[in-house]
2 protein chains.
Amino acid sequence: MTRLPDLDALQLLVAVADTGSLGKAAARTGISQPSASARMATLERRLGLKLLERTTSGSRLTGDGAVVTDWARRVLEQAEALVEGAEALRTHADERLAVAASLTIAEHLVPKWLIELRQLLPGTRVGLTVENSHQVVAALRAGEVDLGFVEGTWVPRDLHSAVVGRDRLVVVVAPGHPWARRKEPLTAAELAAEPLLLREPGSGTREVLEAALAAHDGPAVPLIELGATAPLRSAALAGSGPAVLSVLAVAEDIASGRLVEVSLAEDVALRRTLRAVWRRGRELNDAAGRLVQVARGRA
Amino acid sequence: MTRLPDLDALQLLVAVADTGSLGKAAARTGISQPSASARMATLERRLGLKLLERTTSGSRLTGDGAVVTDWARRVLEQAEALVEGAEALRTHADERLAVAASLTIAEHLVPKWLIELRQLLPGTRVGLTVENSHQVVAALRAGEVDLGFVEGTWVPRDLHSAVVGRDRLVVVVAPGHPWARRKEPLTAAELAAEPLLLREPGSGTREVLEAALAAHDGPAVPLIELGATAPLRSAALAGSGPAVLSVLAVAEDIASGRLVEVSLAEDVALRRTLRAVWRRGRELNDAAGRLVQVARGRA
DNA sequence: AAGACCTCATAGGCTGTCTCTATGACCCCG
DNA sequence: CGGGGTCATAGAGACAGCCTATGAGGTCTT
C-alpha cells in the first residue's frame with residue numbers, strides 16, 4: 001500500500017519553505033523546534049528524498065524540496081477545503097449564516113469561498129446544506145437558510161438574486177477518441193445524433209442539455225446514464241464515449257490532458273448561470289453580503 | 001490552527017464508500033475491523049459530522065458523508081500524486097526508466113502520468129529529474145536519462161520527439177479588476193502597453209511572452225517580477241494586477257472563479273508545445289513507450 | 001578577536017494514540 | 001431457529017510523537 005505522508009508534516013514543510021528556518025516554522029505550526037527537526041527528518045526518510053539544506057543560518061529547500069513543496073501546497077489546499085466545507089456542514093442552520101447550495105456548487109466552489117470568507121471575517125460560522133435547486137428555494141422561503149446558491153436559468157420571482165458566475169457544460173472525450181482530434185466545432189445536430197454518457201433524466205445537467213438539443217430531436221439514446229458526476233467522469237476517462245458534464249468537474253482533467261474538450265459550434269448553448277439567492281425584504285447581513293461578494297469575486 | 005484530518009482516515013472513508021462495509025474497507029486498507037470502526041468514529045467526531053449510517057447489513061454514507069467523500073477523493077488524488085512524484089524523484093537514474101522534465105511539466109503533469117502508468121505497468125520504477133529544457137536535452141545526450149519532457153517551440157535536430165500536448169499562457173486578473181468584465185479580446189498592443197506581473201527574464205514563460213509581444217515593443221516594464229509560479233499566482237489572487245502564467249498553474253482558479261482569464265485577440269500567440277524527447281538510435285523501451293502514450297493520452 | 005545570537009541536532013523521559021485480539025450484540029436469510 | 005454477515009466494546013501492548021534541556025556549529029557585531 002502507498003504509505004501516505006502526514007499532512008502536518010507537509011504543512012510544516014510549507015512553513016519551512018515560507019520562513020526559511022526550521023525554528024520559525026515550528027513556532028508557526030505550534031510545535032517545538034526539535035519536534036520540527038525530527039518531523040522533517042522522518043518525512044525525508046519516508047519519501048527517500050533530501051528536501052532541506054540545513055545550514056547554521058537557516059534551512060533552504062533543495063531542488064527536490066521545492067518541487068515536493070509545490071505538490072504539498074496542492075494537497076493542503078484540498079485538505080483545507082475539506083475542513084472548511086465540513087465545518088460549514090456541521091454548523092448548519094443554528095449559526096450566524098445558514099447557506100444552502102446545489103450539489104455542483106457545494107462540491108466545487110463553496111469550500112474555496114469559505115476559505116476566503118474566513119480570512120475576511122474570521123469569526124463567522126457558516127452552515128451549509130446541500131440540496132437541489134428546488135429544495136434550496138424552499139429552504140429560503142421557509143426561512144431555514146439565509147442565502148442560497150443555485151444553478152440554472154430559472155429565476156424565482158419572490159426572491160432577490162445576483163449572478164455570481166457561470167457554469168459551462170462541456171463535451172469531453174478520452175484522448176484516443178476520434179473527436180479529440182477534430183478541428184471544426186461540433187454542431188448541435190451532430191451532438192444530438194451521438195449516443196452520449198449522461199446524467200440521469202431530471203438532473204440539472206441533463207435538463208440543460210435537453211433544452212439545448214430540443215430543436216434537433218433532443219439527445220440520442222444515451223450510452224450510459226449515471227446518477228452522479230464522479231462515475232460519469234470515470235467512464236469518460238476510461239474511453240467509454242463522449243460525456244457531457246460541468247466544466248467544474250473536469251477542469252483539471254482538461255488542463256492536464258487526461259480528457260479533451262470538444263469545441264462546440266455557437267448553436268449549442270450549454271451555459272448556465274450560477275446565482276446567489278435570498279429573500280426579498282430580509283436584507284443581507286454583513287456575513288451574507290461578504291460571501292456573495294467573495295463568490296462574485298469581491299467586485 | 002486548523003486541525004487537519006488524517007489521510008489514512010480519508011482513505012478509509014473512501015474505501016467504505018466503495019465497499020459499503022466497514023469490515024471490507026478495513027481489509028482493503030490493511031487494518032482490523034475494530035480499528036476501522038474506531039478510526040471512522042474519531043473522524044466523525046473531529047469533523048463533527050455523521051458520515052456513516054451503520055446498519056447490521058453494512059454501512060452507507062449519509063448525505064454529508066457523500067459530500068465529504070467527494071472532497072476526500074480530491075485530497076487523496078493530490079496526495080497520491082505527491083507520493084508518485086516523490087518516488088520518481090527518488091529512484092532517479094539507477095532504475096528501469098529515467099525521465100527528465102522541465103519544471104512546469106514536472107510540477108503539473110508528471111505525477112498524474114505516473115499514477116496512470118503504474119496502473120498499466122505496476123512494477124515499473126521511474127526516476128525523475130527536474131531541470132530546465134536545455135539541461136533536459138543535455139541529460140539525454142549524455143545518456144543520463146531515457147526520456148525527456150520539454151516545453152517550447154524549439155526542436156533539437158539530433159533527437160526524436162513527439163508532441164504530447166500544448167500549454168497556453170493565459171492573462172489572468174482578480175475578479176475585481178476592470179479587465180475581468182471586458183467583452184472584447186485583448187489585443188497584442190494593449191497587452192504590450194500594460195504593466196504586468198511576470199516571471200523573471202530568461203524564464204520560459206517570459207521568453208514566450210517577449211516573443212509574442214516583440215512586434216509591439218515587448219511587454220511594458222513589469223509591475224513585479226517573481227522567480228516562481230506560486231508567488232505570481234498569489235499576487236494575481238491578491239489583485240495586484242494582470243499576471244501571465246501557464247494555464248496549468250491556474251486552471252482550477254479559473255474554473256472556480258477566483259481568477260478570471262482575459263480573452264486574447266488572435267494576434268497574441270501564447271501557446272507552446274509540450275514534447276516528449278528521446279535519443280535517436282536508442283529505441284524506446286516498453287515502459288518509456290507506454291509513458292509517452294499515457295502523456296499523449298494513450299492514442 | 002571575542003562575545004552574543006542565531007541556526008539545527010541529540011538525549012532522555014513521558015504521554016498519548018493507535019493497534020491488535022477476543023468477545024458480544026444485532027439483524028437478515030435460509 | 002441456527003449460520004453468516006454486520007458493527008461495537010474491552011483491555012492490553014507497542015510505537016510514535018512531543019517536550020525540555022543541552023550541545024555544537026556558524027555568523028554578525030562590537
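A note on names: the letters A, B, ... follow the listed sequences, proteins ahead of strands, and every chain is numbered from 1.
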**OP:** Do nucleotides 10-23 of chain C as a string where each nucleotide becomes B, S or -: B if the base has a protein heavy atom under 4.0 Å, S if just the sugar-phosphate does, - if no protein is that close.
**Re:** B--------SBBB-
**OP:** Report yes if a side-chain nitrogen or oxygen of A/K24 is closer than 4.0 Å to either non-bridging phosphate oxygen (OP1 or OP2) of C/dT7; otherwise report no.
**Re:** yes
Original post:
Below 4.0 angstrom from OP1 or OP2 of C/dA9, is there any side-chain N or O of A/R54?
Top reply: yes
Output one line per pair: protein atom, nucleotide atom from nucleotides 25-30 of chain D, and distance, for all N/O pairs under 3.5 Å.
residue : atom : partner : partner atom : Å
D/dG26  : O4'  : A/T56   : OG1          : 3.0

Original post:
Roughly how far, to the nearest 0.5 Å, is the OG1 atom of B/T29 from the CZ atom of B/R39?
Top reply: 8.5 Å
Subject >> Rounded (10°) bend between the five-pair end axes of the helix from C/dA1-D/dT30 to C/dG30-D/dC1 >> reply: 30°
Original post:
Got a salt bridge between B/R233 and A/E77, using NZ or NE/NH1/NH2 to carboxylate O under 4.0 Å?
Top reply: yes
Subject >> CA sep, side-chain torsions, deciding dist, call: B/R54, B/E44, salt bridge (charged side-chain N to carboxylate O under 4.0 Å, His left out) >> reply: CA-CA 13 Å; B/R54 298 117 187 270; B/E44 287 181 313; 2.8 Å; yes
**OP:** List for me each residue that meets side chain to side chain donor-acceptor pair (under 3.5 Å) alongside A/S35, sequence neighbours excluded, and say none if there are none.
**Re:** A/S32
**OP:** For B/E207, enumerate each residue passing the side chain to side chain contact (heavy atoms under 4.5 Å, CB included) test, keeping only those at least two apart in sequence or located in another chain.
**Re:** none
Please output the side-chain donor-acceptor pairs of residues 13-21 of chain A that fall under 3.5 Å, not counting sequence neighbours, one pair per line with the distance.
residue : atom : partner : partner atom : Å
A/D18   : OD1  : A/R73   : NH2          : 3.1
A/D18   : OD2  : A/R28   : NH2          : 3.1
A/T19   : OG1  : A/A15   : O            : 2.8
A/T19   : OG1  : A/S21   : N            : 3.4
A/T19   : OG1  : A/S21   : O            : 3.2
A/S21   : OG   : A/G23   : N            : 3.2
A/S21   : OG   : A/K24   : N            : 3.1

**OP:** Test side chain to side chain contact (heavy atoms under 4.5 Å, CB included) on B/T55 and B/R60 and set out the steps.
**Re:** CA-CA 8 Å; B/T55 76; B/R60 297 234 146 265; over 6 Å; no
